[in-house]
Amino acid sequence: MFLTNDVAILTLLPIYLRLTKIIDNRQPVLLGTVYIIAAANLGSSFFPFGNPQNLFLYSYYHIPLLKFFSATSLIAISSLILLMISIQFIPKEPIRITLTDNQFDRPKAVGFGVLMLIMIGGVFGLIDYFLALAIVAIIVLFWQPQLFKNVDYRLLATFAFFFVIVGNLSQSESIITWLQSIFTNYENTLLGSILTSQVISNVPAAILLAPFTKYHQSLLLGVNIGGLGTLIASLANLIGYKIIRIQVPSERKLFLRNFYLVNGIFLLLLTLSFSLIS
């Protein structure tokens, strides 16, 4: 909710994999990785700055904050209940951890905390967001320049091409006419945004569909729920998969089986639930 879904996965999933590497039964371990990714995707739906699609829709439709929370709280609460029930099926196994003393870098933690507050201020309009971006980028460039070297530019390029596709689609008269005829009610917008997210990811889906519907609440719900499903439905899914490939490459197939099983069930249950609300 606070650090965005991508950052949450980048932070927590490697820690989880290190803690559980001593467990011989890998099926529940890989099931846990899938729940972490799903939890990050669903939990990030609550705040406007929790993920990119929320940030875009919050700005595009100028949604009042309370109205925004009235929609996203439905996802947050239902997802929390679903996750709390689901994790009960993971077998409980003891983990023995050897603790070592590590110095906590307080100045660095405070510095990044301040930068995060600046970005949040940009989201809520307290600071011009171009100014917020410039401040953060310049400080990181001079303070932690190695971070720019560690960026996965190929993964970013993949999603950049999704946006190019969206730009091309939005220029097609036949597609524009078709979209205008489809997204004319709550349920069509919800289901359409969920399905579109499976093919071009939820952030490009939000950008593509926003001009063609006035049902911003169902679009907001749809692109957040639509982060579940396929690997490309959300950038966070691909980040999680890449971490698995790097840390436990031999377990990719087991991860994918668990990923599609859990995501398929979650996607179906949440889609049916929010379709009934309409």
Side-chain angles (χ1 to χ4, degrees), residues 1-19 32-61 63-84 86-87 104-129 131-133 135-137 139-140 143-144 147 150-152 155-156 159 201-203 206 220-221 223-228 233-240 242-243 266 270:
M1 291 182 181
F2 295 98
L3 298 178
T4 78
N5 49 352
D6 304 333
V7 175
I9 290 171
L10 282 168
T11 305
L12 297 178
L13 190 55
I15 295 173
Y16 169 81
L17 289 171
R18 289 189 65 182
L19 290 174
T33 64
V34 174
Y35 286 142
I36 288 173
I37 295 170
N41 271 322
L42 293 168
S44 70
S45 64
F46 186 63
F47 284 123
F49 52 82
N51 55 49
Q53 67 268 18
N54 280 11
L55 188 57
F56 169 76
L57 294 174
Y58 176 74
S59 174
Y60 183 86
Y61 286 108
I63 306 173
L65 196 57
L66 289 179
K67 197 168 185 179
F68 183 93
F69 285 140
S70 70
T72 58
S73 61
L74 296 174
I75 298 181
I77 294 170
S78 58
S79 301
L80 181 60
I81 294 171
L82 186 58
L83 285 163
M84 291 301 293
S86 300
I87 60 175
F104 176 64
D105 194 338
R106 192 177 301 276
K108 184 182 287 188
V110 172
F112 281 119
V114 170
L115 293 179
M116 179 183 171
L117 291 176
I118 292 172
M119 293 303 296
I120 292 173
V123 171
F124 286 106
L126 301 175
I127 307 171
D128 182 86
Y129 60 86
L131 177 60
L133 175 61
I135 291 171
V136 172
I139 290 175
V140 172
W143 179 38
Q144 298 285 325
L147 294 181
N150 297 330
V151 174
D152 189 337
L155 188 59
L156 290 178
F159 274 78
S201 186
N202 52 5
V203 180
L220 180 64
L221 294 172
V223 293
N224 277 288
I225 296 170
L228 302 169
S234 169
L235 175 61
N237 295 345
L238 283 175
I239 290 173
K242 181 160 187 179
I243 292 172
F266 278 24
L270 289 173

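A distance of 5.5 Å separates CD1 of Ile36 from CG of Leu13, quoted to the nearest 0.5 Å. Distance check, rounded to the nearest 0.5 Å: CD1 of Ile87 to CG of Leu82 gives 11.0 Å. Taking CD1 of Ile225 as the reference point, atom CG of Leu220 lies at 9.5 Å (rounded to 0.5 Å). In this structure, Ile75 CD1 and Ser44 OG are separated by 9.0 Å, a value rounded to the nearest 0.5 Å. Atoms CZ and OG1, from Phe46 and Thr72 in turn, are 5.5 Å apart once rounded to the nearest 0.5 Å. To the nearest 0.5 Å, atom CG of residue Asn237 and atom CG of residue Asp6 are 9.5 Å apart.
Residues passing the ring pair (Phe, Tyr, Trp, His ring centres under 6.0 Å) test with Tyr61 are His216, sequence neighbours excluded. With sequence neighbours excluded, the residues that form a side-chain hydrogen bond (donor to acceptor under 3.5 Å, both in side chains) with Lys242 are Asp152. Phe68 meets the ring pair (Phe, Tyr, Trp, His ring centres under 6.0 Å) test with Tyr58; sequence neighbours excluded.
Residue Leu66 qualifies as open at atom CG: its count of foreign heavy atoms under 6.0 Å is 12 or below.
Counting only distance, with no hydrogens or angles, the side chain of Ser59 and the backbone of Leu55 share no donor-acceptor pair below 3.5 Å. Here the side chain of Asn51 pairs no donor or acceptor atom with the backbone of Asn41 at under 3.5 angstrom.
Using cut-offs of 30° and 60° on the angle between ring planes, the pair Phe112 and Trp143 is tilted.
Contact between Met1 and Ala76 at its shortest, heavy atoms only, is CE-CB, 4.2 Å. Contact record, Ala40 with Ala8: CB-CB, 4.3 Å, taken as the closest heavy-atom pair. When every heavy atom of Leu147 is checked against every heavy atom of Val140, the shortest pair comes out as CD1-CG1, 3.9 Å. Annotation for Met119 and Val136: closest pair SD-CG2, 3.5 Å, computed over non-hydrogen atoms. When all heavy atoms are compared, the tightest approach of Asn54 to Ser45 is ND2-O, 2.8 Å. The two residues Ala206 and Gln53 have their closest heavy-atom pair at CB-CB, 4.0 Å.
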Stepwise side chain to side chain contact (heavy atoms under 4.5 Å, CB included) test for Phe56 and Val203:
CA-CA 8 Å; Phe56 169 76; Val203 180; 6.0 Å; no
Begin from the C-alpha positions of Asn202 and Asn224 and carry the test side chain to side chain contact (heavy atoms under 4.5 Å, CB included) through to its verdict.
CA-CA 7 Å; Asn202 52 5; Asn224 277 288; 5.8 Å; no
Give the intermediate values and the outcome of side chain to side chain contact (heavy atoms under 4.5 Å, CB included) for residues Tyr16 and Thr33.
CA-CA 8 Å; Tyr16 169 81; Thr33 64; 3.5 Å; yes
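Using a 4.5 Å cut-off on side-chain heavy atoms (C-beta onward), Leu228 and Leu42 make contact. Within the 4.5 Å cutoff, side-chain heavy atoms of Pro48 are placed close to those of Phe69.
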